[in-house]
Colleague: 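Just dropping this structure here.
Nothing here was measured: the structure is a model prediction, and the numbers come from that model.
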Amino acid sequence: MQTHLVRCFGALPGHGNMALVIEGGPATPDARQALARAQPHPACVFLDAGPDGAVIADYYYPHARSPLCLHATLGAAQVLFGRAGQAPQEIVLSTAMRGQALLLRREGEDYFVALQAQPVPALALDAALAAWLLDQPGLILVSAPVLASVGSPKLLIEVLEPATLHALRPPLERIVAWGREHGVNGCYVLWRSGEHTYEGRNFNHLDPAMEDRATGVAAGALAAHLGRTITVHQGGALGASCLIRTRFEGNLILVGGRAEAVNGY
């Protein structure tokens with residue numbers, strides 16, 4: 001078994017959200033879940049050989065398997081492009097749970113994943129639901145919460161002030177249980193910091209210490225919902241300042257940023 005630890009979406013060298021990329025790991029979902037649970041990192045991706053030389057990516061958080069994790073996908077891109085050398089400039093992955101095709105690109109020091117907007121569950125959403133999930137009675141939102149997805153649905157909740165975002169300590173078991181019931185991968189709470197910039201926090205882990213430093217699927221979902229290019233900042237208060245870039249190319253949404261191998265791992 002080969003393992004690679006990669007810092008993903010870091011705003012600066014030495015920053016980022018950790019992903020463990022695993023090759024030749026255990027074959028069964030239960031064994032993979034056990035390995036992910038034993039790691040001190042928020043996400044693991046297992047890379048498997050598929051038909052005709054394709055690569056299949058299987059994603060696990062410590063508490064659950066996931067259809068897609070973009071910071072782990074950036075970690076996989078760093079490993080795969082590093083092995084390929086200067087060529088090719090594009091690699092295609094397929095996700096294990098849903099067979100979603102992911103086009104990976106390398107652009108200088110950055111890596112991007114090309115995606116498309118995906119269907120989301122039809123749910124009744126309002127400010128009262130957001131207030132209950134976040135345990136914030138009287139919470140005032142910029143607009144009603146929305147569901148959006150580029151492969152893993154997120155509940156997007158936009159608050160009025162950064163102080164509200166930074167002070168959140170929601171009941172994570174409630175969020176995870178609601179998400180499992182409705183097929184939603186957690187809440188992404190955001191604040192609009194500029195014309196095209198946002199700051200966000202992601203809540204989809206059971207352990208507060210595992211809060212994501214960067215959540216690419218949420219940034220992609222937000223870009224898909226807005227229909228425009230945005231930049232998302234995340235993780236600064238957690239000591240791992242991250243920057244997620246998005247842009248549109250036709251019907252594709254590119255989500256990307258820095259991916260840096262941790263030496264000596």
Side-chain angles (χ1 to χ4, degrees), residues 8-9 16-19 36-37 40-44 59-72 120-121 123 125-193 198-225 232-242 244 255:
C8 306
F9 291 118
N17 201 21
M18 294 294 196
R37 190 178 301 117
H41 308 300
C44 295
Y59 304 95
Y60 289 80
Y61 302 127
H63 67 285
R65 193 183 189 194
S66 177
L68 179 63
C69 174
L70 279 191
H71 93 265
V120 296
L123 302 176
L125 306 173
D126 56 23
L129 172 65
W132 175 74
L133 286 170
L134 299 176
D135 196 23
Q136 292 287 306
L139 178 69
I140 299 175
L141 303 179
V142 172
S143 57
V146 297
L147 279 177
S149 178
V150 289
S152 185
K154 290 287 183 184
L155 182 64
L156 306 177
I157 302 171
E158 185 175 354
V159 297
L160 284 169
E161 299 176 347
T164 302
L165 177 68
H166 298 159
L168 289 173
R169 302 292 185 272
L172 299 176
E173 290 188 357
R174 179 185 298 176
I175 292 172
V176 170
W178 180 85
R180 284 175 174 164
E181 180 181 358
H182 297 289
V184 177
N185 188 12
C187 297
Y188 196 69
V189 187
L190 56 113
W191 167 67
R192 185 174 179 177
S193 56
Y198 289 82
E199 182 182 354
R201 292 180 65 191
N202 186 56
F203 301 106
N204 72 329
H205 286 285
L206 288 170
D207 182 356
M210 287 288 179
E211 181 180 333
D212 264 339
R213 274 65 175 162
T215 314
V217 291
L222 179 59
H225 167 64
V232 179
H233 298 266
Q234 193 174 335
L238 302 171
S241 182
C242 292
I244 308 168
V255 180

Colleague: Does a side chain donor of either Thr215 or Gln234 reach within less than 3.5 Å of an acceptor in the other side chain?
Modeller: yes

Colleague: For the residue pair Pro170 and Leu133, establish whether any side-chain heavy-atom pair is separated by less than 4.5 Å.
Modeller: no

Colleague: For residues 143-181, pull every pair meeting ring pair (Phe, Tyr, Trp, His ring centres under 6.0 Å), keeping only residues two or more places apart or in separate chains.
Modeller: Trp178-His182

Colleague: Considering non-hydrogen atoms only, spot the tightest contact between Ala43 and Cys69 and give its length.
Modeller: CB-SG, 3.8 Å

Colleague: Please report the closest heavy-atom contact between Tyr198 and Ser193, naming both atoms and the distance.
Modeller: N-OG, 3.7 Å

Colleague: Evaluate the criterion side-chain contact (heavy atoms from CB on, under 4.5 Å) for residue pair Leu190 and Glu199; output intermediate values, then yes/no.
Modeller: CA-CA 6 Å; Leu190 56 113; Glu199 182 182 354; over 6 Å; no

Colleague: Please enumerate all residues that pass side chain to side chain donor-acceptor pair (under 3.5 Å) together with Arg192, with sequence neighbours excluded.
Modeller: none

Colleague: Please enumerate all residues that pass side chain to side chain contact (heavy atoms under 4.5 Å, CB included) together with Pro145, with sequence neighbours excluded.
Modeller: Leu125, Ala130, Leu141, Leu155, Ile157

Colleague: Return the CZ to CG distance between Phe9 and Leu70, rounded to the nearest 0.5 Å.
Modeller: 5.5 Å

Colleague: Identify the two heavy atoms, one from Trp191 and one from Leu165, that lie closest to each other, and give their separation to 0.1 Å.
Modeller: CB-CD2, 4.2 Å

Colleague: List for me each residue that meets side chain to side chain contact (heavy atoms under 4.5 Å, CB included) alongside Ala223, sequence neighbours excluded, and say none if there are none.
Modeller: Ile230, Thr246, Phe248, Ile253

Colleague: Find out whether Pro42 and Met18 are in side-chain contact, i.e. whether some heavy atom of one side chain is under 4.5 Å from a heavy atom of the other.
Modeller: yes

Colleague: Taking side chain to side chain donor-acceptor pair (under 3.5 Å) as the test, write out the residues that go with Arg201, two or more places apart.
Modeller: Glu211

Colleague: If you round to the nearest 0.5 Å, how far is CE of Met210 from CG of Leu238?
Modeller: 12.5 Å

Colleague: Find the distance between CG (Leu168) and SG (Cys187) and round it off to the nearest 0.5 Å.
Modeller: 10.0 Å

Colleague: Where is the tightest heavy-atom contact between Asn17 and Cys242, given as atom of each residue plus distance?
Modeller: N-SG, 3.8 Å

Colleague: With a 3.5 Å distance limit and no angle check, can you tell me whether His63 reaches the backbone of His205 through a side-chain donor-acceptor pair?
Modeller: no

Colleague: Distance check, rounded to the nearest 0.5 Å: Asn185 atom CG versus Ser66 atom OG?
Modeller: 5.0 Å

Colleague: Any sub-3.5 Å donor-acceptor pair from Lys154's side-chain atoms to Ala221's backbone N or O?
Modeller: no

Colleague: Are Val159 and Val189 side-chain neighbours, meaning at least one heavy-atom pair lies under 4.5 Å?
Modeller: yes

Colleague: Kindly determine whether Leu172 and Asp207 satisfy side-chain contact (heavy atoms from CB on, under 4.5 Å), including the steps that lead there.
Modeller: CA-CA 8 Å; Leu172 299 176; Asp207 182 356; over 6 Å; no

Colleague: Before giving the answer on side-chain contact (heavy atoms from CB on, under 4.5 Å), spell out for Val184 and Leu123 the whole-Å C-alpha distance, their side-chain angles and the decisive distance to 0.1 Å.
Modeller: CA-CA 10 Å; Val184 177; Leu123 302 176; 4.0 Å; yes

Colleague: Enumerate the residue pairs fulfilling ring pair (Phe, Tyr, Trp, His ring centres under 6.0 Å) with a member in residues 129-152, sequence neighbours excluded, ordered by first and then second residue.
Modeller: none

Colleague: Identify the two heavy atoms, one from Ala19 and one from Ala72, that lie closest to each other, and give their separation to 0.1 Å.
Modeller: CB-CA, 3.7 Å

Colleague: Please report the interatomic distance CD1(Ile175) to CG(Leu134), rounded to the nearest 0.5 Å.
Modeller: 5.5 Å

Colleague: Can you give me the closest heavy-atom contact between Pro67 and Tyr59, atom names plus distance?
Modeller: O-CD1, 3.7 Å

Colleague: Just one of Ile244, Leu156, Val146, Val217 clears the side-chain contact (heavy atoms from CB on, under 4.5 Å) bar with Leu222, so which one?
Modeller: Leu156

